[in-house]
Structure formats: structure tokens, C-alpha cells
Number of protein chains: 2
Amino acid sequence: MSKCEQCIIRKFSSLRALNKEELIKISGCKVSRVVKKGDILFEEGDHLKGVFCIREGACKLTKLSPNGKNHIVKFITKGDLLGQRSVISDESVNLSAVAVNDMEVCFIPREEIMTSFKGNPDFSVEVVRDICYDLKNSDDGAVNMAQKNVKQRLADSLLYLHDTFGEDVDGFIKVQLSREEIAGMVGTATESLIRMLSEFSKKGLIEVKGKRIKITSILKIQNVSDGIM
Amino acid sequence: MSKCEQCIIRKFSSLRALNKEELIKISGCKVSRVVKKGDILFEEGDHLKGVFCIREGACKLTKLSPNGKNHIVKFITKGDLLGQRSVISDESVNLSAVAVNDMEVCFIPREEIMTSFKGNPDFSVEVVRDICYDLKNSDDGAVNMAQKNVKQRLADSLLYLHDTFGEDVDGFIKVQLSREEIAGMVGTATESLIRMLSEFSKKGLIEVKGKRIKITSILKIQNVSDGIM
DNA sequence: AGAAACGTATGACAATTATCATATTTTTTT
DNA sequence: AAAAAAATATGATAATTGTCATACGTTTCT
């Protein structure tokens, strides 16, 4: 089993603020686990006993809307921590986490996180910084949802996916989502989403091959997002 | 000048986790200030040098959408702290704060907050808890914005206002907003909002007297919010 | 291989919402 | 108190988006 000290996640998440002793301690009690595509890490209402480190793969954070649709709030990818919010505030999670591809995750028990949080100010500042960043993004997202139309929101979602997952060798976004899932991100009906994807495709903004999507012109998509059409 | 130790705000915000010495120290360097209705506490992009304690009155947190409309993200009222996020993460604010009525606020310099945050684990846990709570609400809000229609969102906004400001003696919500401001909360055109208010009024869900709004049946509004119409 | 199930796509239509024009009312200013 | 400005209200219409029906293509299962 590999040690936390050498793990890449440490470099990019709030864990970077931990000292050697803390890392060794965590290394000893963490549990590694493989999560298959479609598997559920946790569900709305669950009480988490620790945080997940994503070593490989990605998952979506979803929330069941009152209308019965599954809304994708965001994606958590390699190098991210998952579950910080509810572990530290000691509340049940308000979102479900489902793997969008095969994952490899480590589980760090709540006690370890809290001990470091209370004992290591550098760590607590980093954790809060992470959560504040999420809060800022969430507020921005809410404004976009409220003020933009579906076309603009689709543009936003495509840019977000591109940003989060990057491109493969052919320039396609490195994640495969169903049309229904994308509709769930954008907040629209699946049929409407499909139509809009074809429209974007016809206008040469994107190229679609099955589930794979390539952004042909970031600038043009950016313009759509900003309402310049 | 009154002391922080006796201030009501202390009881309801994360400040309750501060000890006597910390409170006395803060008491000594805080600055009280009166903010008139319509005055700006800070604007998108500003770098805050401390947090505000709201002793009296309320302000709206708004964000200018790419479409040029002012979206109201939330309200901060008596007893709340304002600016924690950006003070602790040491980033510029992403929202503007504008007084919706006359306010009385205290300003606590950044250094005081950070010293306590780093030195008093109880306080840092409370602060994070507050921010986590905001994050949870923001995520929920984003989902509602994305998945609900305008009518449902108006119901949500009315319930939120009722919750946040309470009722006056006649049962009207204790805040007066322009139609444009409410439209900015809901994320719709002002004309659409006005129509929907009349519709709610005709159906007996609310009673409208000028800028004053009374919810006649919380249950019915709740049902509208949930899509039961 | 064939059937069933599912995801994707498209047409037709209805419902929702935005926009523009124009009253009407309220508030502010002079 | 009258005039001007701003906010509220309503009608007409267009644009956007959702819903239902149906067809087509893929995947899955036996």
C-alpha cells in the first residue's frame, strides 16, 4: 500500500498543509478502495464517517430536484477531496456522489481530519479556503442558472466539462456523459438538450461523435455563454 | 460604545465560540457605523479588511449577471456576520452588499478574526460550520434555479423572505422590495414577476398592498414551490 | 441471432417566459 | 400643487422551452 506522503493528491488539496507526522498517522489508518462506474459513494442524507481522496477517476455530485430530476451540481476528479463539508460541519450530506468512471479512492476517517483541523491552523485555513472556493463557485453558478437561458447554460456546461476533464488526443472532452446527464447539468429537458447540441454542431461550435464531444471554438462557445450570439 | 460581550450578535453567529479575552480585544478595535438604505457596504471585486457584524437592519448580496441584471443571491440580517468568506480565504468578494434599510454595523478588522481563527479551534469550527451551511444552501439554491420554473421560484423566494424577515403585526413580510428586486431574486423579467404576483394574489395565495406582501397560506405557497398546483 | 430495453433524434404542438408598447399609479422634485 | 420621474400594471406578440408521440440506432440479454 502506498503512503500518503508520496500521493499526488497531497499536492493539490488542502492536505498539502499537513506535516510529516500527520501524514504518517493518516497513512496508517486510511483505507483504499476501488469504485466501479455507476457505483454510489454516498447518498443525500448519509452521514459521512470520513473524507474521500480521489486518486483516480471522477464522480458526479447530484441532487434530486423536487421535480424528480437528477441535477448534477459538479464533478469531483483526480486529486480532489470529497466530503470535507459534511465531515467538518458534522452534518449529513446534501448531495449524492456517483462514479462516472472507474475510480480509486482513499478513505480518511473523520477523527484524523478533525484532529488536524483543530491542531494545525495551516490545515484549517486551507480547508476553509477550499470550502470558500466552492461557495464562491456555487453562488456564481446559482446566478448563471437564474439569469441565463438554456443555450447559455449549455455553453457554460461544455466549458466546465472541458475545464474539468480536459481533452483526449483527438481534442474531445475526456468524459462520456449521457444526454440525460448533460441535461441534468444544464437544467433542461433531455429533448431540448439534444436539439441544442445538434444546433451547436450545425453551427460548427462543437463536433459530436456519439457520446464524445469536441469544442471546435472555445471563443465562440464563450460568446454564447456571454449572450453574444 | 457598547461592548461586544453584551452584543446580541455574539449569541447567534460563530462569534459565540470566542472567549472573554478575545471578545474584550475585539471590543477595543471594532468600529461601529451607520449605513443608510441604498448605501453600498462593498462591491464585487473589493478586498475586505474585516468582517461586518449586523447589529440592526439588513442588506442584500447581489451579483451582476452577464446579461446586465442584478441578481440577489441572499439577504444578511440582524445578528449575521458578513464577509467571513473573503476575509478568511483572503480573496476579493464576489458579491456586492447593499443596505435594504437603515443599518447599524460593527466592523472587526481581519487580523482579529484571523488570530482567533488560528488560535481558537472552537471558533474555527464554528466559522467553517457557518460557511458550510452557506455552501449547502447555495447548492440547493442552484438546483432550484436550474430545475424549477419561474412560478415555483417565486414561491421559493416568498418563503425565503418570510423566513428571513418575519411578519409585521398585520402579517405582512417585514421587508419592502421593489418588483425589480424581487424579479432579480427569482431570476425573471420584471413584467413576468408582476404578472405572477397578481396571479398569486387573484388565487388567494398572497395579499399585496403596494410593496407590502402577506402570505395568506404558507401551505399553498409551499405546494406551488413543490410543483403541486 | 433475435428480442427487448435503452439512448438518441426529430416532429408537432402546448406551455412558459421575454420583449416591446403603452397605460396607470406612485413617488419625487420643483 | 403641478410637473417630472419612476415604479407598477397590462396587452400584444414573439421567442424559448417543455411535453408527447414516434422513429431510429445501440447495447444488452437470452
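Chain identifiers are assigned alphabetically (A, B, ...) following the order of the sequence lines, protein sequences preceding nucleic acid strands; residue numbering begins at 1 within each chain.
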Taking any atom closer than 4.0 angstrom to a non-hydrogen atom of chain B, what span of DNA chain D does the protein reach, first nucleotide to last?
D/dA7 to D/dA12

Nucleic acid contacts - residues 172-189 of chain A versus DNA chain D, non-hydrogen atoms under 4.0 Å
A/Thr188, A/Ala189

Residue pair A/His162 / A/Leu159, side-chain heavy-atom distance below 4.5 Å:
no

Atom CE of B/Met196 to atom P of C/dA15: distance rounded to whole Å?
15 Å

Between NZ of A/Lys211 and C1' of C/dG7 the distance, given in whole Å, is 6 Å

Listed by chain and number, what are the side-chain contact (heavy atoms from CB on, under 4.5 Å) partners of A/Lys220, not counting sequence neighbours?
A/Leu205, A/Ser217

Roughly how many Å is it from CD in A/Glu199 to C1' in C/dA9, rounded to a whole number?
15 Å

Table please: side-chain donor-acceptor pairs of residues 95-107 of chain A below 3.5 Å, with sequence neighbours left out.
from     : atom 1 : to      : atom 2 : distance (Å)
A/Ser96  : OG     : A/Glu44 : N      : 3.0
A/Asn101 : OD1    : A/Ala58 : N      : 2.8
A/Asp102 : OD1    : A/Lys37 : N      : 2.9
A/Glu104 : OE2    : A/Arg55 : NE     : 3.3

Which pair of heavy atoms, one from A/Ile40 and one from A/Arg33, lies closest together, and at what distance?
O-NH2, 4.2 Å

Between protein and nucleic acid, restricted to nucleotides 20-29 of chain C and to nitrogen or oxygen atoms under 3.5 Å apart, what atom pairs and distances do you find?
from   : atom 1 : to       : atom 2 : distance (Å)
C/dC20 : N4     : B/Glu191 : OE2    : 3.4

Who passes salt bridge (Lys or Arg N to Asp or Glu O under 4.0 Å) against A/Asp80, sequence neighbours left out?
none

Do A/Lys63 and B/Asp140 sit within salt-bridge range, that is, some charged N less than 4.0 Å from a carboxylate O?
yes

Across all chains, not counting sequence neighbours, the side-chain contact (heavy atoms from CB on, under 4.5 Å) partners of A/Lys202 are none

Minimum heavy-atom separation for A/Gly187 to A/Arg153, with atom names?
O-NH2, 2.8 Å

Rounded distance in Å - CG (A/Leu197) to P (C/dT8)
10 Å

pair A/Leu193-A/Val186: side-chain heavy atoms closer than 4.5 Å
yes

Which residues pass the salt bridge (Lys or Arg N to Asp or Glu O under 4.0 Å) test with B/Lys214, not counting sequence neighbours?
B/Glu207

At how many degrees, to 10°, do the end axes of the helix from C/dA1-D/dT30 to C/dT30-D/dA1 meet when each uses five pairs?
40°

Tell me whether the OP1 or OP2 atom of C/dT10 has a side-chain N or O from A/Ser198 closer than 4.0 Å.
yes

Report the residues that fulfil side-chain contact (heavy atoms from CB on, under 4.5 Å) with A/Asp90, sequence neighbours left out, ordered by chain and then residue number.
A/His47, A/Arg110

In whole Å, I'd like the distance from the NZ atom of A/Lys148 to the C1' atom of C/dA18.
18 Å

For A/Asp156, what residues pass the salt bridge (Lys or Arg N to Asp or Glu O under 4.0 Å) criterion, not counting sequence neighbours?
A/Lys148

Considering residues at least two apart in sequence or located in another chain, which fulfil the side-chain contact (heavy atoms from CB on, under 4.5 Å) criterion with A/Thr190?
A/Arg179, A/Glu180, A/Ala183, A/Ile194

